[in-house]
Amino acid sequence: MYKIIDGKALAYNMRADIKTQVEKFTKDNGRHIGLAVVLVGEDPASQIYVRNKIKACEEVGIKSYSYRLDGAVTQGELEELLYELAQNNNVDGILVQLPLPDHIDSESALRIIPDYKDVDGFSENNIGKLCQGKESIVACTPNGVMKMLESCKIDLCGKKAVIVGRSNIVGKPMALLLLNADATVTVCHSKTRNLKQECLGADVIIAAVGRAKFVTADMVKDGAVVIDVGMNRDENGKLCGDVDFDSVKEKCSYITPVPGGVGPMTITMLMYNTYLSAIRSKG
Ligand code: GUN
């Protein structure tokens with residue numbers, strides 16, 4: 001019998017705690033915690049993500065500063081804004097919604113964000129510290145997945161974890177977090193030979209490949225924990241994950257749904273990272 005890991009409920013509880021901490025910070029320091037959210041262009045998915053992030057800020061009492069730039073913005077204009085935000089003492093965190101348009105050199109723009117305001121945890125220093133098991137700002141989605149596993153008291157020590165997808169945003173930081181939790185970690189990708197066999201050996205599968213219902217029941221061993229990071233549309237236009245939920249769930253001990261699984265936790269961890277950045281800047 002499988003159990004569903006309810007990301008929505010966990011996110012709701014965590015946001016209540018964060019709200020209390022944010023209120024205390026605001027009172028003690030006589031200023032709001034601030035998050036700058038930068039969106040370039042009109043990508044519909046990015047617009048929804050950004051809207052949800054701003055809504056979450058309102059919910060927990062973080063002041064959001066929203067910047068919507070034209071899709072034709074120049075590298076110089078974007079960088080000028082990021083330099084300003086880097087200097088602004090009311091801004092504790094800077095989030096640039098990805099992907100940026102093709103004509104923008106994302107890496108060089110993102111490098112302007114100081115490590116202590118990098119609430120996405122994408123900077124070379126933050127990833128490097130995570131790699132060495134040092135305190136850092138941790139990427140929101142993988143960090144949210146770890147909170148979900150913790151909430152169900154799933155012991156990772158010595159377990160075989162297989163991550164499907166090697167993105168810088170999810171797959172790679174997820175591998176580091178699981179490794180830091182003493183799991184034995186395999187990262188699979190488009191060139192992996194015999195993906196099914198790799199997945200069948202897994203106690204924990206993290207699906208972060210970006211393809212609708214990619215992980216099927218024949219790839220999952222009995223009793224596995226399956227975490228679905230995907231957010232796709234199926235052939236009928238219905239929201240679905242990277243896991244074929246209806247067939248896979250019967251094999252699992254725990255599984256996350258889409259929607260209502262990892263998604264709400266990603267945004268919650270963004271709120272948490274912004275709060276931590278404010279605390280670390282000592283008000
Ligand atoms: N685009 C897709 N996921 C993310 C994320 O976690 N952070 C940012 N900044 N952009 C994204």
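Being a predicted model, the structure only gives us computed values, none of them experimental. Ligands are counted one by one from 1 in listed order, and the atoms in each one are counted from 1 as well. For the numbers below, each heavy atom of this structure counts, side chains included, while hydrogens, waters and symmetry mates do not.
Here the options are Val162, Val225, Val226, the test is side chain to side chain contact (heavy atoms under 4.5 Å, CB included), and the partner is Val204; only Val225 passes.
When the options Leu100, Leu95, Ile169 are ranked by their closest heavy atom to atom 4 (C) of ligand 1, first place goes to Ile169.
For a threshold of 3.5 Å applied to N or O pairs, the pair formed by Val96 and ligand 1 contains at least one separation below that value.
Taking 4.0 Å as the cut-off between side-chain N and carboxylate O, Glu59 and Lys55 do not count as a salt-bridged pair. Salt bridge absent: Asp115 and Arg280 never bring a charged side-chain N and a carboxylate O closer than 4.0 Å.
Side chain of Asp242 to backbone of Arg211: a donor-acceptor contact under 3.5 angstrom is found.
Within the 4.0 Å heavy-atom shell around ligand 1 one does not find Tyr49.
The single protein non-hydrogen atom nearest to atom 11 (C) of ligand 1 is Gln97 NE2, 3.4 Å, given as residue, atom name and distance. If you check which protein heavy atom lies closest to atom 9 (N) of ligand 1, you get Asp120 OD2, 2.6 Å. Of the protein's heavy atoms, Leu98 N, 3.0 Å lies nearest to atom 10 (N) of ligand 1.
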Identify every side-chain donor-acceptor pair in residues 164-187 under 3.5 Å, counting partners at least two apart or on other chains, and give the distances.
unit_1: Ser167; atom_1: OG; unit_2: Val170; atom_2: N; d: 3.0
unit_1: Ser167; atom_1: OG; unit_2: Gly171; atom_2: N; d: 3.3
unit_1: Asn168; atom_1: OD1; unit_2: Lys172; atom_2: NZ; d: 3.0
unit_1: Asn180; atom_1: ND2; unit_2: Leu130; atom_2: O; d: 3.1
unit_1: Asn180; atom_1: ND2; unit_2: Leu176; atom_2: O; d: 3.4
unit_1: Thr186; atom_1: OG1; unit_2: Lys160; atom_2: NZ; d: 3.1

